[in-house]
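Here the structure is laid out as structure tokens; the discussion comes afterwards.
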Amino acid sequence: MAEKRVDTVRLQRISKAYWETGAMYAAIDLGVFTQIAAGANTIAKLGAAVGIGTLNGERLLDALAGMELVTRDADGTYTNAPDVARFLVEGERSYAGPWMTFMRESWGDWGRLSEVLKEQKTEPLGMYDDLTVESARAYHKATYSIGMGAARKFHREVDLTGRRRIMDLGGGSGAYCIIAARTWPGISAVVLDLPPVVTVAREFIAENGVSDRVTAESCDFTRGPFPSGCDVAIQASNLPIYDRETWTRVVAQVFDALEPGGEYHLIGEMLDDDRMGPIAPAMWGLYEAIPHSIGHAHTIAECIGYLESAGFEEISATEFIPKTLTRVTGRKPG
Ligand SMILES: C[S@@+](CC[C@H](N)C(=O)[O-])C[C@H]1O[C@@H](n2cnc3c(N)ncnc32)[C@H](O)[C@@H]1O
């Protein structure tokens, strides 16, 4: 049998992948998908609706069709792909535009990554070193736009019946605690995060009408101390920010703080154990070079190891968001 001929197709696509990012960001910024959903679904109508004219409307829609973000019918009308219709049309509850463009400020650094890698600098808190309330507000507008959906999924999959109190370490907008309060009668929760984020978390908590059950407090989770009286600990989407030594220490501190019989959920961007992907956790690890954090990607086996060495039992790993987030769960002996 003839061997498959090696060609340049894959390499050419990767070498210009940032063109696709640019096209997607432009479409989100201009409200293209929102306008298509509202009926501006031909080149001429769309070009007029978003102020780019017919020539650029054609260019952009050709690109978006090539990326399979929209489909074009024989009569020249465009329709959003199902994921675009759900997540990129403003006004939908599931709108995640802020999250999809969240990493835009690192755009320039990706273009000079070889220089960034040679700098070999590390700062303990990485990008979180110079957070202000304003930057935290913009940041968590983005995490909230994706985190509320993730939190709903978490509370559909994890039964917290009978649990009394959650601590959410690096809880950001408080999404996991807000949905917990809506889902589990009688449960209370505390969002622990850095001081500027606490201000923002309190705004989201108030906006969602759960301030009687959910609070937010300042805590650097690499130092503690952690609150007592919690029988659930959640830590979501902050895994690549720190190194193995930090995680070993943090997970041990969580173990000590939890009530006997309590449960811990580490939800993170985890690599397969052979470190051959998936691509998303690997890229989050590589991204950490840009803000000069001490972090990198961790494998599922490494994360299980952090829980084992802390003393957790009944440890399991469950796919949470395919190819992106894995949930490693353990129980403190009762
Ligand atoms: C990507 S966000 C995730 C937020 C939230 N867990 C979610 O899933 O929606 C990461 C969060 O970790 C917080 N964080 C990072 N390092 C921290 C530290 N040392 N102590 C407390 N919070 C930290 C950040 O401030 C940020 O709010």
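The figures that follow rest on heavy atoms only: side chains count, while hydrogens, waters and symmetry mates do not. Both counts, for ligands and for their atoms, begin at 1 and track the order of listing.
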Open item on the list: I'd like to know whether Thr326 forms a side-chain contact (heavy atoms from CB on, under 4.5 Å) with Ile267, so could you lay out the CA-CA distance, the side-chain angles of the two residues, the decisive distance to 0.1 Å, and finally the verdict.
Closed with: CA-CA 6 Å; Thr326 301; Ile267 299 163; over 6 Å; no
Task: Proximal candidate to atom 4 (C) of ligand 1 [heavy atom criterion; set Gly295, Ser218, Gly170] - done: Gly170
Task: Option with minimal heavy-atom separation from atom 27 (O) of ligand 1, where the choices are Asp193, Thr246, Val197, Thr222 - done: Asp193
- [ ] State yes or no: are the ring centers of Phe154 and His265 separated by less than 6.0 Å?
- [x] yes
If you measure every N/O of [X] against every N/O of ligand 1, is any gap under 3.5 Å?
X	answer
Ser173	no
Leu131	no
Ala236	yes
Thr143	no

Taking 4.0 angstrom as the limit, do [X] and [Y] come out as a salt bridge?
X	Y	value
Lys332	Glu314	no
Glu115	Arg112	yes
Asp193	Arg202	no
Glu92	Arg86	no

[Y] and [X] side chains, donor-acceptor separation under 3.5 Å:
X	Y	result
Arg165	Ser188	yes
His298	Tyr242	no
Thr246	Asp243	yes

What atoms of ligand 1 come within less than 4.0 Å of a heavy atom belonging to [X]?
X	answer
Tyr139	1 (C), 2 (S), 10 (C)
Cys219	20 (N), 21 (C)
Gly172	4 (C), 27 (O)
Asp220	18 (C), 19 (N), 20 (N)
His140	26 (C), 27 (O)
Tyr242	15 (C), 16 (N), 17 (C), 18 (C), 19 (N)

Task: ligand 1 versus Tyr176: contacting region, heavy-atom distance under 4.0 Å - done: side chain
- [ ] Between Ala150 and ligand 1, find which residue part has any heavy-atom pair under 4.0 Å and reply side chain, backbone, both or neither.
- [x] neither
